[in-house]
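Letters go in sequence order (proteins before strands), and every chain restarts at 1.
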Amino acid sequence: MLDRSSTVALASALMTTMTTTMMMMMTIGGAQAADDGKYPINWKGQWTRVVHREVEVQGAFDQTKPWGVGQEAPLTPEYQKVHRDSMADQKNGGLGNYPTARCLPSGMPRMMTFGFHEYVITPETTYILLSGSDHLRRIFTDGRDWPKNPQPTYGGYSIGKWIDEDGDGRYDVLEAETRHFKGPRAFDASGLPLHSDNQSVFKERFFIDKTKADIIHVLTTVIDHALTRPWTSDRQYRRVAEQVEQWPETWCQEGNANIVIGKENYFLRADGLLMPAKKNQAPPDLRYFKQTQK
Amino acid sequence: MLDLSSTSAIAVALAAALTMTVGSIAAADEAKYPNWKGQWIPVNAPGVGGQRVAFDPAKPEGDGQQAPLTPEYQKILKDSVADQANGGLGNDPTAQCYAAGMPRMMTYEAQEYVVTPDATYILLGGDDNLRRILTDGRAWPAKLNPTYQGYSIGHWVDEDGDGTYDVLEAETRGPFKGPRAYDPTGLPLHFDNESTFKERFFIDKADPNLLHDVITVFDHALTRPWTVDKTFRRNLDPQPDWPERYCHVTNNRIVLDKEPYRLNEEGILMPTRKDQPPPDLRFFTQSPK
């Protein structure tokens, strides 16, 4: 039987044990949390582009400036002309240098402009799910090298690495580089062009704002032969919700009235009849039809 | 009587036991979710349906699927196949780059399963590029917007009791958007868009590189629930190419005034059937070439 002093000693020892155990649990829990927490946990939820209300026309690469000429993109003279021609064609009812108007993908960097984004972070890959007509992005963080002959894509091939910049034991910055593109691609709906050689390179730094936990920065630098120098923009996205009840589903084909036949674009009325998009526009070539039109 | 050294020994033993328990719990937590990493390619029984992928991959598409359609929807399939034989698009909205939706989106060529405690993401590589199966324990929302893919809630099951989840059970409900077809022949789902899908995802017990998705469709176009076992083979390349498929990049079919036409390589309008009338150009002032 335990006497009083033994009971006190045992109680004291048990207290010590419990404290030690709690500390060990905290350490284990902490180690576990550190392992789990090596990757940021505060990027969850639904993110959408920050809208600068003072900017007249939205949807540009640099969100703080209007699209088109207002972007003040450092275009080469040749690509300034491509842009000018695009806008002139659009003014005349054409699509200009804007492939997305007929539901072709935006690709990089415009795919990061619209829709609601979700970041799914795993040690090997960070997925950016876009909820728009463009598909998702995979940023590989498994330490791989650039592949020798990847298939070019509109979204490009992205390799990244995580950095613990503030040294608190948890990654806070994702640095990514994206190459190997398909085109044509434009920065915005005015047809602000990327080079037709599709050799763009994008360098991005993703990080949460230090003072605003619901703002994510994607500092994007474009290196492209249509530009006289690298062009950098601090693209910002606001967290709309941490818990999302339903993610939207966007289909360009729904409601798209642009239709390209030959090299001309036309409008499709709601009843399916073809309309000119330009004044005095020639109708489509009907050489393969035997019957006369209605 | 216990002396202090005995007490301390007990204390250390207790601490060790507790630590082991905590360690085990932590390890168990980490291993709770299965490793379904990699690229999964749909398995199509050879020689049953050409390059197209049917809902039941063991049978040819269209009529060959032997779908338990109601007489009304058998006729819709028949009409669709007849229209396609005559150059039309039939009941195949995907031919115009509309979404495939559920269940056809599960036939896409390269899938990835990203498993997290809150959701399992199925990344599909086609225009229908993503499914979210929500596993965070939520209830069905009271009001949902219609989508082609529906709204999926799932839960993980440790069926063999080994401490690791091995089956993902999911239910997908509408309201759906439509029309949707199971395959390119236009094998129809009901136009009321009230389908429900129940799925069981699991790795084959005998083959760790074979994933099953046993899908049961409940749909008013069917006389009874229709179940198929879709399987996917893991690509063993650790760094596979992930395809990017955009329907509009390659699509050459257009519909004008309810008539389907094709564009040839130069983009010139072509009839899709013999003696097809050209489109109505009443809004053009110039005459066509």
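Using a distance-only test at 3.5 Å, with no hydrogens or angles considered, a donor-acceptor pair links the side chain of A:Ser131 to the main chain of A:Phe116. Under a 3.5 Å cut-off, the side chain of A:Asn265 and the backbone N or O of A:Asn258 do not form any donor-acceptor pair. Judged by distance alone, with hydrogens and angles left aside, the side-chain atoms of B:Thr135 form no donor-acceptor pair with the main-chain N or O of B:Gly154 at under 3.5 Å. Judged purely by atom type and a 3.5 angstrom limit, B:Tyr246 uses its side chain to pair as donor or acceptor with the backbone of A:His135. Of the possible polar contacts, one joining the B:Thr272 side chain to the B:Gly87 backbone as a donor-acceptor pair under 3.5 Å is found. Under the 3.5 Å distance criterion, the side-chain polar atoms of B:Asp92 are left unmatched by any main-chain donor or acceptor of B:Gly186. Side-chain atoms of A:Arg137 never come within 3.5 Å of backbone atoms of A:Gly155 as a donor-acceptor pair (strictly under, hydrogens ignored).
Taking the ring centroids of B:Phe232 and B:Trp40, they lie at or beyond the 6.0 Å cut-off. In this structure, the ring of B:Phe283 has its center no less than 6.0 angstrom from the ring center of A:Tyr266.
Heavy atoms of A:Gln243 lying under 4.5 Å from chain B belong exclusively to its side chain. When heavy atoms are compared at a cutoff of 4.5 Å, B:Tyr151 approaches chain A solely by way of its side chain, counted from C-beta outward. Residue A:Arg269 touches chain B through its side chain alone, counting heavy-atom pairs closer than 4.5 Å. For B:Thr147, the parts sitting under 4.5 Å from any heavy atom of chain A are the backbone and the side chain alike. In this structure, the portion of B:Tyr121 lying under 4.5 Å from any heavy atom of chain A is its side chain and not its backbone. With a 4.5 angstrom heavy-atom cutoff, A:Ser133 touches chain B only via backbone atoms. For A:Thr153, the parts lying near chain B are the backbone and the side chain together; criterion is any non-hydrogen pair under 4.5 Å. When heavy atoms are compared at a cutoff of 4.5 Å, B:Lys143 approaches chain A solely by way of its backbone atoms N, CA, C and O. In this structure, the portions of A:Tyr154 lying under 4.5 Å from any heavy atom of chain B include both its backbone and its side chain. When heavy atoms are compared at a cutoff of 4.5 Å, B:Asp118 approaches chain A solely by way of its side chain, counted from C-beta outward. Heavy atoms of B:Leu263 lying under 4.5 Å from chain A belong exclusively to its side chain. Only the side chain of A:Lys44 comes within less than 4.5 Å of a heavy atom of chain B; its backbone N, CA, C and O stay farther away. Of the atoms belonging to B:Val114, it is side-chain heavy atoms, and not backbone ones, that fall under 4.5 Å from chain A. Of the atoms belonging to B:Leu130, it is side-chain heavy atoms, and not backbone ones, that fall under 4.5 Å from chain A. Heavy-atom distances place the side chain of A:Ile259, and not its backbone, under 4.5 Å from chain B. Proximity to chain B (any heavy atom under 4.5 Å) is shown, for A:Asn280, by both the backbone and the side chain. Only the side chain of B:Asp241 has a heavy atom closer than 4.5 Å to any heavy atom of chain A. In this structure, chain A has a heavy atom under 4.5 Å from the backbone of B:Arg245, while its side chain stays farther away. Proximity to chain A involves both the backbone and the side chain of B:Asp128, based on heavy atoms less than 4.5 angstrom apart.
If you tally non-hydrogen atom pairs under 4.5 Å between each of A:Val260, A:Asp142, A:Leu268, A:Leu136 and chain B, the highest count goes to A:Leu136. Interface remark: of the candidates B:Gly125, B:Ala119, B:Pro243, B:Gly126, B:Gly126 forms the most heavy-atom pairs closer than 4.5 Å to chain A. Most heavy-atom pairs under 4.5 Å with chain A, from the set B:Val249, B:Asp127, B:Asn251: that is B:Asp127. The residue among B:Leu134, B:Leu124, B:Asn145, B:Asn264 with the most heavy atom pairs within less than 4.5 Å of chain A is B:Asn145. Between chain B and the options A:Glu118, A:Gln281, A:Arg138, A:Lys263, heavy-atom pairs under 4.5 Å are most frequent for A:Arg138. Of the listed residues (B:Pro146, B:Cys247, B:Gly267), the one with the most heavy-atom contacts under 4.5 Å to chain A is B:Gly267.
Side-chain N/O atoms of A:Arg110 and A:Tyr98 include a donor and acceptor closer than 3.5 Å.
Aromatic ring pairs are classed by plane angle as parallel below 30°, tilted from 30° to 60° and perpendicular above 60°; the pair A:Tyr157 and A:Phe140 is tilted. Between B:Phe201 and B:Trp36, the angle of the ring planes lies from 30° to 60°, which puts this pair in the tilted group.
Between A:Glu264 and A:Lys278, at least one side-chain nitrogen of the basic residue sits less than 4.0 Å from a carboxylate oxygen of the acidic one, meeting the salt-bridge criterion. With respect to the salt-bridge test (charged N to carboxylate O, under 4.0 angstrom), the residues B:Arg273 and B:Glu259 qualify.
By the 6.0 Å contact criterion, CG on B:Asp237 is enclosed, its count of non-hydrogen atoms from other residues, nucleotides or ligands being greater than 12.
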